[in-house]
Chemist: 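Sharing a structure, written as structure tokens. Questions coming.
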Amino acid sequence: MAVVITVPICLLLAVAGLAVYGRAEALGDARTTRSEVGLSLRIQALVHQLQRERGLTNGLLGGEEEFRSPLAATRKRVDTALRAMRPESAVEDVIQRHLQRLADIRSAADKGSRPPQPGADTDTAKRAATLTFYTTAVDALNAVDPVAETATGADRQLRDGLAALRELAAAKESVALERGLLNGVFAKGGFHGREYLTFTEVRATRVAALARFRQIATPPQRAAVKNAFGTEDAERAIAYENRAEDAADGSALRADAGAWWDAMTVLVDDLYAVQQSVGDDARDRADLLSHDAEIGLAAYLVAGALMAALVAALAAFASRSLTRPLGALAETAHDVARHRLPATVARIQQSPQDHVEPRPPADAPDHPDARLLGGAAEIAEVAASLHQVEHTALHLAAQQAGLRRNTTESLANLGRRNQNLVRRQLSLITRLERQELDPDALAELFELDHLATRMRRNAESLLVLAGQNPPRPTAAPAGGLEVVQSAVAEVEHYRRVLIATVEPVRVRGHAVADVAHLLAELIENGLTFSPPNEPVEVHGWYDTEDDTYCFAVVDHGVGMSEADKERANARLSDAGEEALLTAPTRFLGHLVVGRLAHRLGEGAQVHLFDTTGGGLSALLALPGRLLAPAEGPATSLPPVRPAVSSLLNGFRAGVARAEAQSTQGASS
């Protein structure tokens with residue numbers, strides 16, 4: 001039933017969403033078009049004033065001083081229009097690139113000198129350079145006119161209106177350019193250079209733009225343009241154009257530049273008025289489209305809200321048939337995941353029997369029957385699958401616990417066998433050493449004794465990892481130096497070990513073997529990761545500040561990165577079974593050290609830190625409860641030497657960092 005309802009509802013919502021999106025997009029397009037039409041009209045107002053300044057400047061350069069006064073007023077209007085365009089970023093860029101030299105052009109025109117353009121020396125070149133400057137700026141402004149890029153959607157009327165506005169702007173620019181060009185020609189008395197060719201190109205551009213305008217403009221717009229070209233001033237301007245056509249051979253032109261300017265200015269202003277009217281029509285059309293889009297969007301939103309309410313009601317009705325069985329099933333799943341399964345797994349792992357029946361606790365309720373819950377067949381299948389998952393997890397936990405137990409027992413059995421064999425071997429070697437008189441043979445027996453001692457330590461490490469190694473019995477306390485010597489005797493390259501000053505201390509008998517074993521592992525690690533010609537130092541001192549005795553194993557080898565050092569310190573402090581199962585095999589020595597430190601009890605800790613000058617240092621701190629009273633009269637301990645002081649400071653700094661990281665991890 002849920003599927004039957006969900007599919008049509010989803011399709012209905014998708015259709016409604018697409019409809020609302022389409023109306024919102026249409027509204028955005030209409031508002032953008034309205035805004036850009038307004039910007040286009042402001043750009044054309046600036047273009048209109050630049051066209052006027054271009055014509056007056058060209059006439060002034062041609063020698064007509066009467067243009068100086070209207071030119072000053074036109075320049076003020078241009079400056080006002082430029083200031084109004086500053087907030088528009090695209091237009092601002094064009095102004096910076098193409099009108100940056102406007103002040104120089106004006107200054108050169110006022111002085112009657114040539115503008116700063118390389119190459120030209122004649123008056124004709126001066127006028128041509130000035131005309132090119134203004135024309136380039138006008139073309140750049142027309143190029144960034146947003147009407148040329150406005151998205152008009154599917155409204156044909158708005159598209160045609162904007163296209164007519166573009167073509168009318170091109171035609172008006174041609175008329176204004178012709179006005180400015182012939183203004184200079186009439187003032188100078190004839191065509192010079194390429195001026196006639198430019199004149200014919202401008203007229204051809206105007207004719208083509210007007211032809212395109214007539215194809216897309218509305219009848220009122222075509223009539224307005226026709227009226228602009230039908231006035232007396234326009235006819236007088238056409239007469240001046242015909243007279244200019246007859247002077248193509250470069251003959252003298254007798255024409256009043258002022259009259260030509262006045263006639264063409266009226267035509268340009270009339271075309272500008274038509275342009276503003278066309279722009280107003282486009283803006284009105286965009287306003288209408290925006291208003292219609294707003295109404296349509298509001299209607300679609302209301303319809304969408306009603307549809308969403310209907311969907312919510314249908315979903316609530318449909319969910320009633322699913323809520324109760326799914327809720328009971330979810331509650332059972334949570335109980336299995338949070339309570340029943342962890343409790344059963346813990347019971348299996350802690351059970352000493354070889355075979356444990358993987359069953360839930362006796363007080364655990366049975367899995368819910370979907371038929372009693374009122375659910376469908378699918379829910380019944382999910383409930384059965386959940387029950388099967390629970391039983392499978394319990395079987396896997398039982399198998400894993402048995403595997404771990406068997407592995408641990410195998411390691412312990414193998415370690416005990418090796419330990420017994422090595423103990424017998426050491427006894428035999430000791431008897432042979434007592435009977436041997438040959439120095440060379442005795443030296444070889446000593447080497448064999450040392451090798452067997454190392455084998456005994458490996459067997460004991462195996463038992464430590466298996467968690468079944470009782471400490472070697474020691475009847476009486478031993479001195480700190482004796483403990484260090486015992487540890488050195490259990491490493492391979494013992495000749496490279498340098499026993500520095502070890503301050504007098506006595507370690508209690510039950511801890512002697514574990515401390516020696518722990519130091520042997522640390523010394524072995526330092527010998528392995530340091531150059532063959534570098535010694536490994538062992539220091540021992542009493543720290544009165546913390547009431548502990550410290551052993552330090554210092555090497556000058558490759559050291560460890562900060563990340564590796566943090567992981568190693570974590571292994572040294574974690575004596576659990578998970579660390580043994582997850583740690584790489586090359587770091588098992590760290591786990592042996594960690595478990596031995598854990599067995600020494602609270603207060604015993606091992607920490608790694610960098611050695612000054614390179615390498616790694618390991619420090620073992622023994623609490624006062626592991627130390628036996630000193631024999632003989634008490635003597636004051638010597639002050640800590642600089643080398644020992646630096647080791648102690650490094651140890652304390654490393655411990656402080658570890659505690660800070662642990663606190664930060666717990667808070668996060």
Side-chain angles (χ1 to χ4, degrees), residues 40-41 43-59 62 74 78 98 127-128 130-145 147-148 162-186 191 194-217 221-222 224-231 233-245 247-248 255 257 260-279:
S40 175
L41 293 178
I43 292 176
Q44 291 305 317
L46 174 60
V47 168
H48 182 67
Q49 297 302 328
L50 280 174
Q51 290 169 344
R52 183 184 294 270
E53 182 178 345
R54 176 179 60 190
L56 291 172
T57 303
N58 206 34
T74 301
V78 169
H98 295 282
R127 297 199 311 275
T130 303
L131 192 69
T132 300
F133 170 78
Y134 282 101
T135 302
T136 301
V138 170
D139 291 342
L141 287 172
N142 284 330
V144 298
D145 192 334
V147 169
L162 295 177
L165 188 61
R166 291 195 298 269
E167 300 301 338
L168 188 57
K172 176 176 170 292
E173 165 59 11
S174 299
V175 173
L177 182 58
E178 181 183 352
R179 176 184 64 178
L181 175 65
L182 291 185
N183 202 31
V185 171
F186 289 152
F191 289 103
R194 292 178 50 85
E195 288 182 333
Y196 185 80
L197 180 60
T198 303
F199 166 65
T200 58
E201 291 175 351
V202 169
R203 291 196 67 186
T205 301
R206 181 186 72 184
V207 171
L210 288 175
R212 293 192 298 270
F213 172 79
R214 294 189 186 96
Q215 292 178 355
I216 56 179
Q221 293 171 351
R222 290 196 295 267
V225 171
K226 182 178 180 181
N227 292 336
F229 280 96
T231 62
D233 292 295
E235 292 176 354
R236 187 162 54 252
I238 292 174
Y240 276 102
E241 290 177 350
N242 295 333
R243 190 181 303 177
E245 287 182 354
W260 156 257
W261 172 261
D262 293 338
M264 284 297 286
T265 299
V266 171
L267 177 58
V268 172
D269 290 344
D270 290 343
L271 290 177
Y272 180 59
V274 176
Q275 187 180 21
Q276 288 181 311
S277 176
V278 174

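When reading the values below, keep in mind they use all heavy atoms of this one structure, side chains included, and skip hydrogens, waters and symmetry mates.
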Chemist: Does the ring of W260 carry R179 above it, NZ/CZ under 6.0 angstrom from centre and within 45° of its axis?
Modeler: no

Chemist: Determine the interplanar angle of the F191 and Y196 rings, folded into 0 to 90°, and report it as parallel if under 30°, tilted if 30 to 60°, perpendicular if over 60°.
Modeler: perpendicular

Chemist: How about R166 and R212: do any of their side-chain heavy atoms sit closer than 4.5 Å?
Modeler: no

Chemist: Which value, rounded to the nearest 0.5 Å, describes the distance between D270 atom CG and K172 atom NZ?
Modeler: 11.5 Å

Chemist: Mind running side chain to side chain contact (heavy atoms under 4.5 Å, CB included) on W261 and L56 for me, showing each step along the way?
Modeler: CA-CA 8 Å; W261 172 261; L56 291 172; 3.2 Å; yes

Chemist: Measure across A164 and I216 and return the closest heavy-atom pair with its distance rounded to 0.1 Å.
Modeler: N-CD1, 3.3 Å

Chemist: Scan side-chain atoms only and decide if R52 and T265 contain a donor-acceptor pair under the 3.5 Å cut-off.
Modeler: no

Chemist: What are the two closest heavy atoms between H48 and V268, and how far apart are they?
Modeler: CE1-CG1, 3.7 Å

Chemist: Which heavy atom in Q275 sits nearest to a heavy atom in L165, and how many Å separate them?
Modeler: O-CD1, 3.4 Å

Chemist: How about L210 and F229: do any of their side-chain heavy atoms sit closer than 4.5 Å?
Modeler: yes

Chemist: How long is the gap from CE on M264 to CG on L181, to the nearest 0.5 Å?
Modeler: 10.0 Å

Chemist: Can any side-chain N or O of T57 pair as donor or acceptor with the backbone N or O of R54 at less than 3.5 Å?
Modeler: no

Chemist: What heavy-atom pair brings L267 and A234 nearest, and what distance separates the two atoms?
Modeler: CD1-CB, 4.1 Å

Chemist: Quick check: do V225 and Q221 have side-chain heavy atoms less than 4.5 Å from each other?
Modeler: no

Chemist: Roughly how far apart are R206 CZ and E178 CD, rounded to 0.5 Å?
Modeler: 5.0 Å

Chemist: Side-chain contact, heavy-atom cut-off 4.5 Å: L177 with Q51?
Modeler: no

Chemist: Hey, is the main chain of A170 close enough, under 3.5 Å, to the side chain of S174 for a donor-acceptor pair?
Modeler: yes

Chemist: Looking at A171 and A209, what are the two nearest heavy atoms and their distance?
Modeler: N-CB, 3.7 Å

Chemist: Do R236 and D262 pass the side chain to side chain contact (heavy atoms under 4.5 Å, CB included) test, and can you show the C-alpha distance, the side-chain angles, and the key distance before you say yes or no?
Modeler: CA-CA 10 Å; R236 187 162 54 252; D262 293 338; 6.0 Å; no

Chemist: Rounded to the nearest 0.5 Å, what separates atom CD in E173 from atom CG in L271?
Modeler: 12.0 Å

Chemist: Are the side chain of T136 and the backbone of T132 linked by a donor-acceptor contact shorter than 3.5 Å?
Modeler: yes

